[in-house]
Amino acid sequence: MTVAENLTQIQENIKHACEKAGRGPEDITIIGVTKYVTIERALEAVYSGVRHLGENRMEGFLEKHENIGEQAIWHFIGTLQSRKVKDIIDKIDYIHSLDRKSLAKEINKRTDKPVDCFVQVNVSGEESKHGLQPEDVESFIDTLRNYPMIRTVGLMTMAPHVDDEQILRNAFQSLHKLKNTIQEKGWDHAPCQYLSMGMSNDYQVAIEEGATHIRIGSSLVGPYEE
C-alpha cells in the first residue's frame with residue numbers, strides 16, 4: 001500500500017480513538033518513524049502530509065536530513081550518546097530520549113537556542129528499556145532548570161510489547177499521571193504538556209489514555225529495509 005493509503009487508515013483509527021476518549025484528532029501529532037525505510041519512502045510520507053519524521057540512529061537521521069531537510073519537522077527518538085549531540089543538535093527539532101544529566105549538560109553546551117525535549121521514562125520497569133524510573137522523574141526535571149537551553153515539553157515512554165491491553169493501559173495511565181504532576185508545578189522550564197507514547201501496535205490505546213504524539217513506523221511507511 002502507498003503511504004497515503006496507510007495514512008488514511010491511521011487517521012480513521014485516530015478519529016475513532018479520539019471519539020472514545022472525548023478528544024479531537026487535531027490534538028494528535030503523527031510522527032512517521034522512517035528508520036528502516038529509504039529516503040524515497042520517507043519523502044513519500046512527507047508528500048502525503050506527514051510533517052513530522054522520527055529517527056533513532058544518528059547516521060540514518062543525518063542521511064535523511066541531508067536529503068529532506070526543512071521539508072520535515074525532525075524528532076530524534078532513540079538513545080542519544082552525549083558525544084554525538086554536537087552532530088545533530090542544530091538539525092533536530094525535538095529530542096524524545098532525555099534521561100540523564102550528562103546528556104542535558106551536553107545539549108545545553110552545544111546549542112544557542114532552546115531545544116524542546118521529552119524526558120524518557122521507563123514506566124514498565126523492563127531492564128531492556130531506557131529511561132528514568134518514575135520516582136526519579138520529578139527531581140530530574142527540577143534539576144533541568146540549571147540548563148536554560150532545555151525546555152521539557154513532555155514525557156515519553158515505550159510500553160511493553162504485549163497483547164494484554166490492560167497492561168498497556170496501565171503503562172500509559174502511569175505516564176499521563178506523572179505528566180499531570182509535573183505540569184501542575186507550573187515550572188517555566190518544564191511546561192510538560194505533551195505525552196509521546198504509542199506505536200504501530202498500540203497507538204489507539206495510547207490516544208485513549210492521553211497521548212499527544214504517536215510514533216508510527218511499520219503501519220505508515222511499511223517494513224521496507226534500506
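Numbers for residues simply follow the sequence, beginning at 1. Atom set for the values below is all heavy atoms of this structure, side chains included, hydrogens, waters and symmetry mates excluded.
In this structure, Thr111 contributes its side chain and Ile107 its backbone to no donor-acceptor pair below 3.5 Å. Of the possible donor and acceptor atoms, one in the side chain of Asn170 sits under 3.5 Å from a partner among the backbone N and O of Gln166. The backbone N or O of Ile68 lies less than 3.5 Å from a partner atom in the side chain of Gln71, making a donor-acceptor pair. Not one N or O on the side chain of Ser219 forms a donor-acceptor pair closer than 3.5 Å with the backbone of Ile216. Proximity of a side-chain donor or acceptor of Asn180 to a complementary backbone N or O of Lys177 within less than 3.5 Å is not detected.
Contact annotation: the side chain of Val119 approaches that of Leu132 to within less than 4.5 Å [non-hydrogen atoms, C-beta and beyond]. Contact annotation: the side chain of Ser196 never approaches that of Leu155 to less than 4.5 Å [non-hydrogen atoms, C-beta and beyond]. You'll find the side chain of Ile10 reaches within 4.5 Å of the side chain of Ile30, heavy atoms only. Taking 4.5 Å as the limit, every side-chain heavy atom of Val115 sits out of range of all side-chain heavy atoms of Ile150. Looking only at side-chain heavy atoms (C-beta outward), Val137 and Ile141 come within less than 4.5 Å of each other. Taking the side chain as every heavy atom from C-beta outward, Cys18 and Ile14 approach each other to under 4.5 Å.
Tracing side-chain contacts under 4.5 Å through hydrophobic residues (I, L, V, M, F, W, Y), one reaches Ile39 starting from Val50; they form part of the same cluster. Criterion: ILVMFWY side-chain heavy atoms under 4.5 Å apart, direct or through other members. Under it, Val3 and Val33 are not part of a common hydrophobic cluster. Taking hydrophobic clusters as Ile, Leu, Val, Met, Phe, Trp and Tyr residues chained together by side-chain heavy-atom distances below 4.5 Å, Val221 does not share a cluster with Ile77. Cluster annotation: Met197 and Leu53 are assigned to the same hydrophobic cluster (Ile/Leu/Val/Met/Phe/Trp/Tyr, side-chain heavy-atom contacts under 4.5 Å, transitive). In this structure, Val37 is a member of the same hydrophobic cluster as Met58, with clusters built from ILVMFWY side-chain heavy atoms closer than 4.5 Å.
Distance CG/Asp93 to CZ/Arg51: 9.0 Å, rounded to 0.5 Å. In this structure, CG on Leu220 lies 14.5 Å from CZ on Arg215, to the nearest 0.5 angstrom. The NE2 atom of His96 lies 12.5 Å from the CG atom of Leu80; values are rounded to the nearest 0.5 Å. Put simply, CZ on Phe76 and CD1 on Ile95 are 8.5 Å apart, with the number rounded to the nearest 0.5 Å. Here the CG atom belonging to Asn6 is positioned 11.0 Å from the CD atom belonging to Gln11, to the nearest 0.5 angstrom. Between the OG atom in Ser218 and the CG atom in Asn201 there is a gap of 8.0 Å [rounded to 0.5 Å].
Residue pairs meeting the side chain to side chain donor-acceptor pair (under 3.5 Å) criterion with at least one member in residues 18-30, sequence neighbours excluded: Lys20-Glu208. Here ring-ring contact (aromatic ring centres under 6.0 Å, His included) pairs that include residues 2-31, with residues two or more places apart or in two chains, number zero. Applying the side chain to side chain donor-acceptor pair (under 3.5 Å) test to residues at least two apart or on different chains, the pairs with a partner in residues 184-193 are Glu138-Lys185. Sorted by first and then second residue, the salt bridge (Lys or Arg N to Asp or Glu O under 4.0 Å) pairs with a member in residues 95-105 form an empty list; sequence neighbours excluded. Each salt bridge (Lys or Arg N to Asp or Glu O under 4.0 Å) pair with one or both residues in residues 143-161, not counting sequence neighbours, appears once here: Asp116-Arg151, Asp142-Arg145.
Taking the side chain to side chain donor-acceptor pair (under 3.5 Å) definition, one finds that Glu59 meets it with nothing, sequence neighbours left out. Every residue was checked against the side chain to side chain donor-acceptor pair (under 3.5 Å) condition with Lys109, not counting sequence neighbours, and none meets it. The ring pair (Phe, Tyr, Trp, His ring centres under 6.0 Å) check on His65 picks up Phe61, Trp74, with sequence neighbours excluded. Judged as a side chain to side chain donor-acceptor pair (under 3.5 Å), and not counting sequence neighbours, the contacts of Glu5 are Thr2. Under the side chain to side chain donor-acceptor pair (under 3.5 Å) criterion, Asp90 pairs with no residue, sequence neighbours left out.
With respect to Phe140, the side-chain contact (heavy atoms from CB on, under 4.5 Å) criterion is satisfied by exactly one of Leu98, Val121, Thr152: Leu98.
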Side-chain polar contacts of residues 82-89 - donor-acceptor pairs under 3.5 angstrom, sequence neighbours left out - could you list them?
from: Arg83; atom 1: NH2; to: Gln81; atom 2: OE1; distance (Å): 3.4
from: Lys84; atom 1: NZ; to: Gln81; atom 2: OE1; distance (Å): 3.3
from: Lys86; atom 1: NZ; to: Arg83; atom 2: O; distance (Å): 2.9

Next on the checklist: Would Thr38 and Leu43 count as a side chain to side chain contact (heavy atoms under 4.5 Å, CB included) here? Give the steps.
Outcome noted: CA-CA 9 Å; Thr38 63; Leu43 276 169; over 6 Å; no
Checklist entry - Taking it one step at a time, do Lys91 and Leu62 satisfy side chain to side chain contact (heavy atoms under 4.5 Å, CB included)? => result CA-CA 9 Å; Lys91 302 176 178 68; Leu62 291 174; 3.9 Å; yes
Checklist entry - Hey, mind stepping through Thr79 and Asn56 against side chain to side chain contact (heavy atoms under 4.5 Å, CB included) and telling me if it holds? => result CA-CA 7 Å; Thr79 300; Asn56 74 339; over 6 Å; no
Next on the checklist: Apply side chain to side chain contact (heavy atoms under 4.5 Å, CB included) to residues Lys64 and Glu55 and explain how you reach the verdict.
Outcome noted: CA-CA 9 Å; Lys64 287 193 174 72; Glu55 286 283 326; 3.1 Å; yes
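Counting all heavy atoms, side chain and backbone alike, Cys192 lies closest to Lys179 at O-CD, 3.1 Å. Shortest non-hydrogen contact noted between Asn122 and Pro134 is O-CD, 3.7 Å. Closest of all the heavy-atom pairs between Ser97 and Gly78 is OG-O, 2.5 Å. Between Ala17 and Ile207 the shortest heavy-atom distance is CB-CG2, 3.8 Å. Residues Ala159 and Asp202 approach most closely at CB-OD2, 3.9 Å, considering heavy atoms.
Counting only N and O atoms by type, the side chains of Arg41 and Thr34 include no donor and acceptor under 3.5 Å apart. When only modelled atom types and interatomic distance are considered, Gln9 and Asn13 share a side-chain donor-acceptor pair under 3.5 Å.
Other cluster members for Ile73: Tyr94, Phe118, Val153, Met156, Met158, Tyr194, Met199, joined by side-chain heavy-atom distances under 4.5 Å among Ile, Leu, Val, Met, Phe, Trp and Tyr.
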